[in-house]
Amino acid sequence: MSTLTTVLLSGAPSLAGWGVHAWWLRARLHTARRDPLTGLRTRDGFTRSATVLLKDPRAVVVLADVDKFKQVNDRFGHAAGDTLLKATADRLTHHVGRFGVVGRLGGDEFGAVLLDDHGTVADLLAVLHGVLARPVEGEDPAVHTTVSLGWVRAADFPTDGLSGLMRRADEAMYAAKQGRTGMRRAGLGRLFATLAGRRAGRHGARTTAPVVEVAA
């Protein structure tokens, strides 16, 4: 047996060990980027995937916030609230499609980036808004609520990165929630005045904010 063969064979257990360790690290990283309740990407994982998708001119950024979620928890319990979040995550994932990405950004707030192939994203989101308001199958029909949506076309703001587009979608979503319209698109006008990216009504935001200019 040659010296080279002897060295390779003696190192085989170490190489195998490193291979298992690398697999374990990748599995842990994958798990860390997934929300344990919904299975969606966490904010970090969502940011990575969304940033890549925004290179496509068809990209649309969507923010979704469950309305009156605390009331659901208080009335029906946290298990019912968790069921509602899971259903919201599943419905978002289905409508965004396999070429988009959905993430749970925290609490009852979700983010998504999808590709608008035919210029019909407004119609798609209108359907989605109705679907999100349906009761969860197999659960108490009373366990349901609406979801406010805010969205923005990346092509409308070509100099914005993901954080800027999410801020615009967040402003539109907040306007939809405040106006009880269900869904708003971030237009080409002014946003609510913000401080350090905080929308009006959040801690740290200015209290004198202009009315947001949006398109339905």
Side-chain angles (χ1 to χ4, degrees), residues 26 29-35 38-66 85 88-129 131-132 147-177 181-200 202 205 212-216:
R26 286 195 298 270
L29 182 61
H30 176 77
T31 301
R33 291 177 180 169
R34 290 284 177 175
D35 172 52
T38 63
L40 296 179
R41 289 171 173 82
T42 59
R43 183 179 290 272
D44 179 60
F46 170 76
T47 298
R48 291 172 181 268
S49 298
T51 300
V52 174
L53 284 174
L54 286 180
K55 296 177 182 178
D56 192 309
R58 299 170 296 170
V60 172
V61 177
V62 182
L63 280 186
D65 192 86
V66 180
L85 290 177
T88 300
D90 291 343
R91 291 164 176 175
L92 282 168
T93 300
H94 175 75
H95 279 76
V96 167
R98 62 191 182 95
F99 296 113
V101 61
V102 182
R104 185 183 179 193
L105 306 182
D108 57 353
E109 187 173 63
F110 300 85
V113 176
L114 56 91
L115 301 181
D116 184 18
D117 290 321
H118 307 294
T120 57
V121 69
D123 295 333
L124 171 70
L125 293 178
V127 172
L128 173 61
H129 182 259
V131 170
L132 292 173
V147 176
S148 295
L149 302 175
W151 63 281
V152 58
R153 290 186 185 277
D156 288 344
F157 303 94
T159 62
D160 278 9
L162 176 62
S163 61
L165 291 169
M166 288 184 66
R167 181 168 59 86
R168 293 179 187 276
D170 183 62
E171 297 287 357
M173 183 271 293
Y174 183 68
K177 186 179 291 286
T181 58
M183 183 179 74
R184 287 291 185 99
R185 174 184 176 181
L188 303 180
R190 296 174 298 172
L191 297 172
F192 282 107
T194 61
L195 181 64
R198 307 295 289 180
R199 69 170 178 247
R202 284 187 174 181
V212 66
E213 296 175 12
V214 291

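Owing to the predicted nature of the structure, the values given are computational and were not obtained by experimental measurement.
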**Q.** By side chain to side chain contact (heavy atoms under 4.5 Å, CB included) - contacts of A89 (at least two apart)
**A.** T38, L40, F110

Q | N/O donor-acceptor pair under 3.5 Å between R34 side chain and G39 backbone | A | yes

Q. Between the side chain of R41 and the main-chain N/O of V101, is any donor-acceptor distance below 3.5 Å?
A. no

(Q) Using the side chain to side chain contact (heavy atoms under 4.5 Å, CB included) criterion, which residues pair with S163? Sequence neighbours excluded. (A) none

Q | Separation of L63 CG from M166 CE (nearest 0.5 Å) | A | 5.0 Å

Q. Roughly how far apart are D170 CG and L165 CG, rounded to 0.5 Å?
A. 12.5 Å

**Q.** Rounded distance [0.5 Å steps], CZ in R104 versus CD in E109
**A.** 11.0 Å

Q) Where is the tightest heavy-atom contact between A155 and P57, given as atom of each residue plus distance? A) CB-O, 3.9 Å

(Q) Nearest 0.5 angstrom please: L149 CG to L92 CG, how far? (A) 7.5 Å

Q | Where A172 and A186 come nearest, the two heavy atoms and their spacing | A | CB-N, 3.8 Å

Q: Please report the shortest heavy-atom distance between A59 and L54, naming the atom on each side.
A: CB-CD2, 3.8 Å

Q. Excluding sequence neighbours, so at least two apart, what forms side chain to side chain contact (heavy atoms under 4.5 Å, CB included) with T120?
A. D116, H118, D123

Q) Does any non-hydrogen side-chain atom of R185 lie less than 4.5 Å from one of D156? A) yes

**Q.** Partner residues of S148 under the side-chain hydrogen bond (donor to acceptor under 3.5 Å, both in side chains) criterion, sequence neighbours left out
**A.** D67

Q.
According to salt bridge (Lys or Arg N to Asp or Glu O under 4.0 Å), who are the partners of R48, at least two apart in sequence or on a separate chain?
A. D44

(Q) For a quick test of reading the model, state the closest non-hydrogen atom pair linking W151 to A122 and the distance between them. (A) CZ2-CB, 4.0 Å

**Q.** Test item: R91 and V147 side chains (from C-beta on) under 4.5 Å apart, heavy atoms
**A.** no

Q) Listed by chain and number, what are the salt bridge (Lys or Arg N to Asp or Glu O under 4.0 Å) partners of D160, not counting sequence neighbours? A) R168

Q.
Quick check for you: to the nearest 0.5 Å, what is the distance between R58 atom CZ and L53 atom CG?
A. 9.5 Å

Q. Tell me, do V113 and F46 make a side-chain contact under 4.5 Å, heavy atoms counted?
A. yes

